[in-house]
Structures are given as C-alpha cells and as structure tokens.
There are 2 protein chains.
Amino acid sequence: MPRAADPAVRLALVETAAELLARREPVTARSLADRVGTSTTALYTHFGGMPGLWRAVRNEGFVRLGRRLAAVPRTDDPVRDLAALGAAYLDSARADPFLYRAMFDAAADLEEPAVADDAFALLVEAADRARRAGRLAEASDPLAVATCYWAGGHGLAMLVVTGVLPAEALALHGPELAVAALVAAGDEPGRCRASVLAGWSGAGARDPGPTTPG
Amino acid sequence: MPRAADPAVRLALVETAAELLARREPVTARSLADRVGTSTTALYTHFGGMPGLWRAVRNEGFVRLGRRLAAVPRTDDPVRDLAALGAAYLDSARADPFLYRAMFDAAADLEEPAVADDAFALLVEAADRARRAGRLAEASDPLAVATCYWAGGHGLAMLVVTGVLPAEALALHGPELAVAALVAAGDEPGRCRASVLAGWSGAGARDPGPTTPG
DNA sequence: CGGGGTGATGTGACGTTGTTATGTAACACC
DNA sequence: GGTGTTACATAACAACGTCACATCACCCCG
C-alpha cells in the first residue's frame with residue numbers, strides 16, 4: 001500500500017537530538033533536519049511534531065538509563081547492590097546532565113512507559129531482595145522504599161544538574177542519602193554504611209561523559 | 001536627571017508572570033505586556049529580556065517560599081519544626097507547581113541569591129537546634145543534614161510536579177523521607193517518628209492553591 | 001520659570017522558532 | 001505496469017524574543 005517510513009531516519013533524529021543535547025547545542029527542528037540530512041517534515045511524519053520528538057528523546061534516555069542500571073552486577077549483598085544502583089544512577093545524570101533534565105521535563109509522558117517502569121523495577125527488586133535477606137524490616141514495602149530512595153537520588157541529581165549544588169555533592173551526599181533511606185527501612189546502621197560504601201566505590205563514577213552510539 | 005523607571009511596572013510584570021504561571025497560561029513577552037498594559041519594551045528596560053524576567057520570577061518564587069517557611073512556628077521540639085518546614089515546603093510546591101518548576105529551572109541564577117540562602121538557612125538553623133538539643137548526633141553537620149533533607153523533599157516535589165508520582169505521594173512519602181534523613185543524622189527512630197508526624201499534621205496541607213496578592 | 005538632555009516607553013520591523021499546505025516522487029498492491 | 005497511498009522537499013504562515021527608531025515625560029540647570 002503506502003510508502004514505508006524509513007526507521008533509520010527516525011533513529012537518526014532521536015540520536016542526533018540526544019547528541020545535540022550532550023553538546024549543549026540548541027535542539028531545533030531545523031538543526032535536527034540539517035544534521036540528519038532531511039527536512040523538517042520528516043519530523044512530523046515520524047513524531048507528529050517537536051513534542052513527539054521530545055517524547056522519543058525522553059524514551060531513549062530512559063532506555064539508556066535502564067541499560068546502565070541493568071549492567072550493575074548483582075552480588076549476594078542486596079544493600080550493596082542498591083548503593084551501586086544509586087551510584088550508577090547519579091553517574092548517569094552527571095555524565096549527560098542535559099539529557100537527564102530533558103527526561104524529567106515530563107517523565108510521565110513517554111512512548112513506552114514500560115522502559116521507565118523497567119528501570120525502576122530494578123530498584124524495587126533490589127529492595128525486595130534486601131527485605132527477603134533480612135536486611136530490611138519484614139513489613140517494609142519494597143515499592144515505598146524504592147520510591148523514597150529514588151526521590152532522594154532524583155532530588156540530589158536535579159540540584160546538581162541545575163547548578164544549585166556543585167558536582168561534588170553527588171559523591172558527598174549520595175551515600176548519605178542511601179544510608180538514610182535504607183536504615184529507615186530497617187537495615188542496621190553500621191552494616192548498612194559498610195554495604196553502601198562498598199557498593200558506591202565499587203560501581204559508580206566510571207563514565208567519562210556523554211556517549212553517542214555510532 | 002533621567003526619567004525614572006516605574007517600579008510598579010516592574011512589580012506588575014513579575015506578579016503577572018507568576019499569575020499566568022499559576023493559571024497554566026503561556027508566559028510570553030506579548031501576553032505579559034498586554035495584561036500589564038505596557039509594551040514589550042518595558043520588559044527590556046526592567047529586566048533586559050525574557051531571561052531576566054524569569055530570573056525575577058524565580059526570585060519572587062523563593063521570596064514567597066521563604067515567607068511561608070518563616071511563618072512556620074518554632075516549638076521546643078526542633079525535629080517537629082523540621083517536619084513542619086518540610087510539610088510547608090511540599091505544600092508550597094503542590095499549591096503552585098508551575099512556579100515551583102520555574103524556580104528550579106535555574107535556581108542558581110537569581111537576582112538576589114540571598115533569598116534562597118535565607119530560606120535554606122531556616123532548615124539549617126532548625127537542624128542545628130536539633131543537634132544542640134541532643135536530638136541529632138553531636139558530630140552531625142547541620143548543613144549536610146539540611147542538604148540531604150532538602151534533596152529528598154525536592155526530589156519528591158519534582159516527581160509529583162512533573163506528574164511521575166500522584167499528588168498523594170507527598171503526604172505518603174514526605175514524612176517517611178523526613179524520618180529517614182533525621183534518624184540517619186542521629187535521632188532516635190521512635191521519638192523521631194512521633195515528632196515528624198506531629199509536625200507534619202500540625203503545619204502542612206493548609207494552602208488552598210496558588211494565590212496572587214492584589 | 002523655561003529650555004535641554006537623559007532615559008523610559010510605544011511602534012514597527014527583523015530573524016528564528018514550530019507548524020502546515022502544496023507538490024512530487026517512491027513504494028506496495030492488483 | 002498502472003494506481004493509489006504515503007513519505008519527503010519546498011515554501012509559506014503565525015508566534016515568539018529582540019531591537020532600531022521615534023516620541024515623550026521627567027529632572028537639573030540657567
């Protein structure tokens with residue numbers, strides 16, 4: 001029937017937008033079309049307009065974040081794993097701050113809401129493992145624990161990304177926030193601190209900066 | 001010598017911007033000029049352009065936030081006061097979410113950085129009172145405690161304001177986050193929980209919505 | 001008390017943004 | 001191989017932030 005839409009153009013538009021974001025260059029319909037080698041019309045056939053492109057960019061951001069979190073190894077210490085997830089999360093925001101901001105400009109509006117849910121599920125699952133391992137209170141709700149944990153990390157990330165706190169605040173307050181959330185959930189303070197510090201130094205702060213596949 | 005700039009116009013522009021923000025209506029140079037009854041040029045004499053106007057709007061947002069936090073009464077239980085401050089903070093974000101978003105779009109770029117510092121200082125001072133009262137660890141740093149406390153509150157507020165979490169999450173996770181931060185800082189869990197719940201129900205959730213003086 | 005100069009303000013125009021109407025060309029199906 | 005449907009390029013449109021220019025109000029000084 002119709003002429004098929006070129007999926008490569010769609011991919012190029014999203015990836016180019018992410019690249020411009022990482023370069024701190026303006027992301028406009030024309031700058032995208034020029035770099036990709038198409039016209040601004042392609043943007044409308046694939047995304048319906050700029051809001052649709054941003055939705056796709058946020059989606060891609062959560063896909064990349066999910067990949068990073070999924071790459072965090074699972075050890076037999078779930079609290080350590082939670083800390084490693086937190087470090088990887090904050091490092092993700094630090095490595096590509098403009099993408100992080102774009103993601104949370106409207107994080108509830110994604111092409112595939114599942115990609116954000118999947119990333120968050122890694123947190124919930126780790127919290128549940130910690131609970132089943134006896135590290136957290138038996139009555140603790142892994143979803144609530146993960147939500148508080150995430151809220152703290154997101155708040156710290158946003159304050160750094162928007163320039164309110166210096167970049168060092170991530171390494172300074174990140175572990176402290178993690179320990180707070182997990183001790184509140186039932187972990188024993190001394191043991192929690194040890195696990196968190198182990199997980200933090202073991203995983204975080206590895207990424208040199210924003211990367212664009214290609 | 002010269003013709004003096006009308007301070008009333010300046011005030012009207014900032015307050016009108018805040019009002020449009022609260023009404024979820026677009027804040028453009030022309031819509032502002034029309035509503036205030038001037039031309040777009042006034043925007044340039046007073047603020048140098050739209051970025052300058054946004055800087056003034058953020059400033060006004062922090063002034064209002066500071067007023068709200070300063071209105072929180074001081075009791076002889078500093079942990080309860082910290083909870084009341086947290087409740088007032090989150091209620092502020094809930095009452096005027098678009099202003100809150102605008103404030104933290106570039107919270108480090110204000111006309112008078114002191115207004116944000118002053119608001120934050122209320123938190124630090126309460127944390128210090130808690131420490132001196134023996135509720136927090138002697139070695140705890142009030143600044144670090146306040147920063148973690150703020151990061152958690154800001155993260156929760158942003159997740160709600162951007163639609164990721166429902167509005168109920170504020171009352172659901174707010175006290176939990178507060179308890180976590182303060183127990184981690186040294187308070188005794190049971191006593192902390194009681195103080196936080198008392199402070200939260202005593203102060204928060206009072207504002208009916210965004211208000212515009214005049 | 002009246003000119004002169006300084007600066008705020010209104011008018012109109014410019015470049016850029018997102019968006020869309022129109023024409024064209026390429027693909028899938030009969 | 002013809003036909004219809006759809007993606008894409010071109011070009012125009014409305015709205016945005018911004019700025020050059022002209023105008024006017026005000027304050028100091030003679």
Side-chain angles (χ1 to χ4, degrees), chain A residues 1-60 98-99 101-103 105-106 109-111, chain B residues 1-60 98-99 101-103 105-106 109-111:
Chain A
M1 332 204 242
R3 174 181 173 188
D6 190 353
V9 171
R10 186 195 154 90
L11 202 77
L13 284 169
V14 174
E15 288 184 353
T16 302
E19 187 184 339
L20 290 178
L21 227 37
R23 289 181 191 271
R24 291 153 172 70
E25 293 176 19
V27 179
T28 73
R30 284 170 177 80
S31 72
L32 277 176
D34 286 354
R35 281 182 77 98
V36 173
T38 66
S39 177
T40 58
T41 320
L43 219 143
Y44 286 81
T45 64
H46 287 283
F47 305 105
M50 283 301 285
L53 172 86
W54 285 114
R55 182 162 33 228
V57 168
R58 290 191 295 270
N59 211 84
E60 173 66 17
F98 278 60
L99 178 59
R101 290 191 67 165
M103 283 162 63
D105 217 56
D109 183 22
L110 303 177
E111 290 179 339
Chain B
M1 332 239 234
R3 176 179 173 189
D6 189 353
V9 171
R10 187 194 153 89
L11 203 76
L13 283 170
V14 174
E15 289 183 352
T16 301
E19 186 184 338
L20 290 178
L21 226 36
R23 290 182 191 271
R24 290 154 172 70
E25 293 176 19
V27 179
T28 74
R30 284 171 177 83
S31 72
L32 277 176
D34 287 353
R35 281 183 76 99
V36 173
T38 67
S39 176
T40 59
T41 320
L43 220 143
Y44 286 80
T45 64
H46 287 283
F47 306 104
M50 282 300 284
L53 171 86
W54 285 115
R55 182 163 30 230
V57 168
R58 290 191 295 270
N59 211 83
E60 172 67 16
F98 278 61
L99 178 59
R101 289 192 66 165
M103 284 162 63
D105 218 55
D109 182 22
L110 303 176
E111 289 180 340

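Every chain is numbered from 1 and lettered A, B, ... according to where its sequence line falls, protein lines coming before strand lines.
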- request: Figure out the CZ/P separation between A:Arg30 and C:dT19, and round it to whole Å.
  value: 11 Å

Touch class at under 4.0 angstrom, heavy-atom based, for A:Thr28 against every strand present: sugar-phosphate

- prompt: Looking for any heavy atom pair under 4.0 Å, which part of the strands does B:Pro26 touch: base, sugar-phosphate only, or nothing?
  reply: nothing

- prompt: So do B:Arg101 and A:Asp105 actually touch side chain to side chain, heavy atoms under 4.5 Å?
  reply: yes

task: Could you check how far CE of A:Met50 sits from C1' of D:dA15, rounded to whole Å?
output: 16 Å

message: Measure CG/A:Asp34 against P/D:dT10 and give the value in whole Å, please.
response: 11 Å

task: Would you mind reporting whether A:Phe47 and A:Val14 have side-chain heavy atoms less than 4.5 Å apart?
output: yes

query: With side chains defined as the heavy atoms from C-beta onward, is the minimum distance between A:Glu15 and A:Val36 less than 4.5 Å?
result: no

- prompt: Looking at D:dC8, C:dT20, C:dG10, which one has an atom nearest to any side-chain atom of A:Thr40?
  reply: C:dT20

- prompt: When the nearest nucleotide of DNA chain C is assigned to B:Thr38 and to A:Gly48 on a heavy-atom basis, which residue is associated with the more 5' position?
  reply: B:Thr38

field: Nearest-angstrom distance from the residue atom CG of B:Leu20 to P of D:dC16
entry: 12 Å

query: Got A:Thr38 and A:Leu43 here, is their nearest side-chain heavy-atom distance under 4.5 Å?
result: no

statement: To the nearest angstrom, the CG-P distance between A:Leu13 and D:dA7 comes to 14 Å

- request: Starting from P on D:dC16, measure out to CG on B:Leu32 and report it in whole angstrom.
  value: 11 Å

message: Can you measure A:Trp54 atom CH2 to C:dT17 atom P for me and round it to whole angstrom units?
response: 13 Å

A:Phe47 CZ to C:dT19 C1', straight-line distance once rounded to whole Å: 16 Å

query: If only side-chain N and O atoms of B:Tyr44 are considered, is one of them under 4.0 Å from the OP1 or OP2 phosphate oxygen of D:dC19?
result: no

task: Would you mind classifying the nucleic acid contact of B:Thr45 as base, sugar-phosphate or nothing, using non-hydrogen atoms under 4.0 angstrom?
output: base

message: What's the separation between atom CE in B:Met50 and atom CG in B:Leu32, rounded to the nearest 0.5 Å?
response: 6.0 Å

message: From the set D:dC8, D:dA9, D:dG17, return the single nucleotide nearest to any side-chain atom of A:His46.
response: D:dC8

